[in-house]
Amino acid sequence: MSLALSSRHGCVLQSEIRNMSIECSRIGGINLSQGVCDTPISPVVVQGASESIARGLNTYTHYAGLFQLREAIAEKQKKYSGMECDPEQEIIVSAGATGALYCSFQALLDPGDEVIVFEPYYGYHISTLHAAEAVPVYVQLDPPGWTFAIEDLERVVTPKTRGIILNTPANPSGKVFSPSELTLIADFAERYDLFVFTDEIYEHFIYTGHEHRSFATLPGMKERTITISGASKTFSVTGWRIGYAICDARWAKTIGYFNDLVYVCAPAPLQAGVAKGMRELGEDYYLGLAREYETKRDRFCQALSRAGLPPYIPDGSYYVLADVSCVPGSTGKERAMHILHTTGVASVPGSAFYQDGKGESIVRFCFAKEDAILDEACSRLQILG
Ligand code: GLN
């Protein structure tokens with residue numbers, strides 16, 4: 001029998017985030033594992049999509065996305081991050097930020113290329129590197145500060161290093177990279193001539209005392225930065241799969257060809273819905289989002305402390321890592337399962353965000369939930385205390 005899976009099949013095992021979601025729905029629990037984000041969607045965005053379906057915008061769009069959406073992205077970038085980009089040549093709309101990342105790696109990385117990743121990491125970044133036969137190289141960040149020094153980067157760089165992934169605000173730690181850390185990464189990227197692949201999907205989930213800076217706006221960084229973000233979290237449309245990559249036209253062209261190859265285009269009417277949202281929802285909307293989520297963060301972190309699961313308070317994103325060493329179990333998975341089966345609240349084992357053998361005494365919770373559900377989760381967790 002010679003039928004067999006490909007040699008790279010091992011890079012796409014079912015993610016632990018999905019495993020926990022499935023187990024959670026099997027027992028009818030509250031899903032704080034997957035970053036589903038089922039908070040209400042703005043009527044403007046819904047209207048933009050439904051009107052487009054009714055008007056007949058139901059066929060393929062340009063493979064790089066509807067021009068009206070690319071224009072809206074360029075305007076939003078300029079207004080909120082000061083980034084200038086050309087909607088004709090420098091933006092590729094893809095099937096979520098995940099699609100944009102996949103196409104970017106396919107376009108810019110060769111087999112064997114090394115890419116520096118901060119750990120704890122978002123597992124899809126690693127699997128997407130593996131799918132391009134690139135090699136992740138890790139720099140570990142430790143709580144509570146999740147900081148690093150230039151020596152940590154110097155230690156892992158080799159002649160094969162081609163890039164670095166910068167996820168800020170970060171999943172799962174909620175770290176917001178400071179201005180001095182960004183400068184340090186910029187100098188390093190310049191010195192070793194590296195691409196910087198950003199994941200800025202949580203750019204508007206940013207809490208008091210912190211600011212999001214788009215890495216591409218640092219002096220000299222535009223041509224080496226692939227800025228990746230999307231509508232999923234900002235507009236509560238995780239299932240719509242609308243994300244994008246912004247970069248120099250030399251890279252965007254081929255990223256676009258890969259996008260065409262894999263997705264043809266992102267869903268047409270949903271692109272229109274997001275374009276309308278971007279055009280019509282202003283600063284109040286984004287600031288309101290940050291305030292709303294900061295309240296959720298505070299409320300949920302207090303509940304974790306009361307339950308004896310000390311949280312590492314996030315500065316951004318909508319996840320929180322908590323220390324669960326007091327929960328029965330010898331691995332992160334056993335502890336997350338214990339929490340799920342005793343309280344009905346699902347989390348993700350910390351080990352999903354680390355290489356083998358680490359993260360066993362932490363779990364990640366997602367607090368992107370409506371307040372009533374979050375309150376119910378908070379009270380259920382108290383059984384552990
Ligand atoms: N980004 C979200 C998370 O970290 C969703 C992941 C997913 O379902 N792929 O949970």
Side-chain angles (χ1 to χ4, degrees), residues 11-26 29-39 41 94-105 117-131 146 165-176 197-206 228-245 262-263 266 289 293 296-297 300 312 314 316-322 332-333 336 339-340 345-354 359 362-369 373-374 377:
C11 74
V12 288
L13 296 174
Q14 183 163 276
S15 84
E16 204 60 270
I17 296 174
R18 290 247 176 223
N19 287 339
M20 292 305 295
S21 276
I22 291 167
E23 179 62 7
C24 180
S25 78
R26 194 186 66 78
I30 300 177
N31 189 0
L32 304 191
S33 55
Q34 192 174 19
V36 175
C37 193
D38 43 9
T39 45
I41 169 173
S94 187
T98 303
L101 194 74
Y102 181 83
C103 294
S104 302
F105 288 172
V117 182
F118 292 102
E119 183 185 52
Y121 49 71
Y122 173 47
Y124 279 51
H125 293 162
I126 307 302
S127 304
T128 309
L129 284 174
H130 284 145
W146 312 103
I165 297 180
L166 174 64
N167 176 206
T168 183
N171 175 7
S173 66
K175 174 186 174 67
V176 175
F197 300 97
T198 74
D199 177 348
E200 304 179 34
I201 193 80
Y202 303 101
E203 61 194 316
H204 295 292
F205 297 82
I206 195 105
I228 292 178
S229 193
S232 293
K233 320 304 198 202
T234 303
F235 297 114
S236 303
V237 290
T238 51
W240 283 19
R241 312 313 303 139
I242 305 291
Y244 44 87
V262 186
Y263 308 111
L289 195 67
Y293 274 76
K296 291 184 196 294
R297 174 198 69 169
F300 189 65
Y312 297 113
S317 87
Y318 54 48
Y319 304 105
V320 53
L321 290 172
K333 177 92 187 204
I339 296 171
L340 177 58
V345 177
S347 59
V348 181
S351 46
F353 310 102
Y354 287 89
I362 54 177
V363 300
R364 186 196 79 174
F365 293 96
C366 168
F367 52 86
K369 290 277 161 196
I373 297 170
L374 201 60

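Computed from a prediction, not measured in an experiment: that's the story for all the values here. The chain is numbered in sequence order, starting from 1. As the structure lists them, so they are numbered: ligands from 1, and atoms in each ligand from 1.
- Not a single heavy atom of Glu16 sits less than 4.0 Å from an atom of ligand 1.
- Taking each of Ser15, Pro172, Gly35 in turn, the one with a heavy atom nearest to atom 5 (C) of ligand 1 proves to be Gly35.
- Under the 3.5 Å distance criterion, the side-chain polar atoms of Thr198 are matched with a main-chain donor or acceptor of Ile228.
- Looking at Asp199 and His125, their side chains do bring a donor and an acceptor atom within 3.5 Å of each other.
- The residue among Tyr202, Tyr319, Tyr124, Tyr122 with a heavy atom at the shortest distance from atom 6 (C) of ligand 1 is Tyr122.
- In this structure, the side chain of Tyr121 engages the main chain of Tyr354 through a donor-acceptor pair within 3.5 Å.
- When hydrogens are left out, the protein atom nearest atom 8 (O) of ligand 1 is Gln34 NE2, 2.5 Å; that is the closest non-hydrogen contact.
- When heavy-atom distances to ligand 1 are checked against a 4.0 Å cut-off, Val36 has no atom that comes that close, whether in backbone or side chain.
- Residue-ligand proximity, Ile17 to ligand 1, at heavy-atom distances under 4.0 Å covers atoms 3 (C), 4 (O), 10 (O).
- None of Asn19, Leu321, Ile17 except one satisfies the side-chain contact (heavy atoms from CB on, under 4.5 Å) rule with Val348; the exception is Ile17.
- Note on ring orientation: taking the six-membered ring where Trp is involved, the planes of Trp146 and Tyr312 are perpendicular (angle over 60°, cut-offs 30° and 60°).
- Using a 30° and 60° split on the angle between ring planes, Tyr202 and Phe205 fall in the perpendicular class, above 60°.
- Heavy-atom contacts of Arg364 reach the following atoms of ligand 1: 3 (C), 4 (O), 10 (O) (cutoff under 4.0 Å).
- Summary of contacts: the protein heavy atom closest to atom 1 (N) of ligand 1 is Lys233 NZ, 3.2 Å.
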